[in-house]
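First the proteins, then the strands, lettered A, B, ... as listed; each starts at 1. Basis for what follows: all heavy atoms, side chains included, without hydrogens, waters or symmetry-related copies.
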2 protein chains.
Amino acid sequence: MPAPRTDLCFHALGDGVRRTILDRLSAGELSAGAIAEGFDISWPAVSRHLRLLKEARLVEERREGRQRIYALNRGTLQQTVGHWVALFDARWADNLRSLKDHVERSQPPRGRP
Amino acid sequence: MPAPRTDLCFHALGDGVRRTILDRLSAGELSAGAIAEGFDISWPAVSRHLRLLKEARLVEERREGRQRIYALNRGTLQQTVGHWVALFDARWADNLRSLKDHVERSQPPRGRP
DNA sequence: GCCATACTTAACGTATAGGTTAAATGTTTC
DNA sequence: GAAACATTTAACCTATACGTTAAGTATGGC
């Protein structure tokens, strides 16, 4: 398991542009160019935001032809952000645990739309 | 409902000292002095961290004699951080939804301030 | 009222964040 | 291999972050 990079992760989430990027990526992968469109700031500025998100492991990058495709890394959010939420709210943690038990006992896994 | 202050909230969580403060407060209220003890940085530095946490509504402050008592505000974490986690992880969102249904149906509500 | 206590605010220095434009990089296409 | 494309890196500027020390502000006890 790679280092948590909690600082990087939360710092990355502390900027509205980066949160918007993550939001858009939650709907599916996008190229750097597609991400840059829709922001009023320059391409290099967006590129730096993407680098920060990548360093925080909140997104992953892969090359495809001459494009760079970015995809959301949901695991990082679970491991870092989720960890903190659970720590701070005992009810959430308890609820998630008991829910998991309950669901696993009473409902066979089915496909969900 | 006060403004979410998402930027402030995540920015506050992006610093290790502030996360440690929140961590300690999760065990119970503490005075500013009690918080400052245990950090190698100066009191004024800790005081500023506390102000940031207060502005982000992650903690609440009240005066008691000549002390200032700080307490964790769990609601802010749920509203801002929790919201994002749920957005990014469809399974969590689903779990929370079905959990809410399940709990509301099977457990009578308990008094909570 | 006066002094100690328990802090916060002010003033200041250095490092980092986040923006810009210009130049560099790696990939296809001709 | 030269040109066009997609994007990053470099160089630079200004604002903000976070630390320090010194001064200010309530509150409680004598």
Practice task
Classify every nucleotide of nucleotides 21-28 of chain D by which part a protein heavy atom approaches to under 4.0 Å, writing B for the base, S for the sugar-phosphate alone and - for neither, in 5'-to-3' order.
Solution key: BB----BS
Handout entry: Which residue lies more 5' along DNA chain C, comparing B:Leu50 with A:Asp40 via nearest heavy atoms
Key = B:Leu50
Fill in the blank from the handout: Note: for A:Val46 and B:Arg48 on DNA chain C, the residue whose nearest nucleotide lies more 5' is B:Arg48
Problem - With sequence neighbours excluded, residues passing side-chain contact (heavy atoms from CB on, under 4.5 Å) with B:Ser47 - result: none
Completion exercise
Sorted by chain and number, sequence neighbours left out, side-chain contact (heavy atoms from CB on, under 4.5 Å) with B:Glu60 holds for B:Asn73
Exercise for the section: Among the candidates D:dC18, D:dG19, D:dT8, find the nucleotide nearest to the side-chain atoms of B:His49. Expected result: D:dG19
Gap between atoms [atom1] and [atom2], on [X] and [N] respectively (whole Å):
X	N	atom1	atom2	answer
B:Phe39	D:dC18	CZ	P	13 Å
A:Glu37	D:dC5	CD	C1'	14 Å
A:Leu53	D:dT7	CG	P	16 Å
B:Asp7	D:dA15	CG	P	19 Å
A:Arg62	D:dA6	CZ	P	17 Å
A:Leu30	D:dT7	CG	C1'	15 Å

Handout entry: Candidates B:Leu22, B:Leu53, B:Leu30, B:Leu50 - the one meeting side-chain contact (heavy atoms from CB on, under 4.5 Å) with B:Tyr70
Key = B:Leu50
Handout entry: Residues in salt bridge (charged side-chain N to carboxylate O under 4.0 Å, His left out) contact with A:Arg62, at least two apart in sequence or another chain
Key = A:Glu29, A:Glu64
Fill in the blank from the handout: salt bridge (charged side-chain N to carboxylate O under 4.0 Å, His left out) filter on B:Arg68, not counting sequence neighbours, yields B:Glu61
[X] to [Y] - nearest heavy-atom pair and separation:
X	Y	answer
B:Trp43	B:Ala36	NE1-CB, 3.5 Å
A:Asp15	A:His49	OD1-CE1, 3.6 Å
B:Cys9	B:Thr76	SG-CG2, 4.1 Å

Handout entry: A:Tyr70 vs D:dT8: side-chain N/O to OP1/OP2 distance below 4.0 Å
Key = yes
Exercise for the section: May I ask you to check if B:Arg24 and B:Phe39 form a cation-pi contact, with NZ or CZ under 6.0 angstrom from the six-membered ring centre and within 45° of the axis? Expected result: yes
Fill in the blank from the handout: In the 5' to 3' direction, the nucleotides of DNA chain C bounding the stretch that comes under 4.0 Å of a heavy atom in chain A are C:dA17 to C:dT29
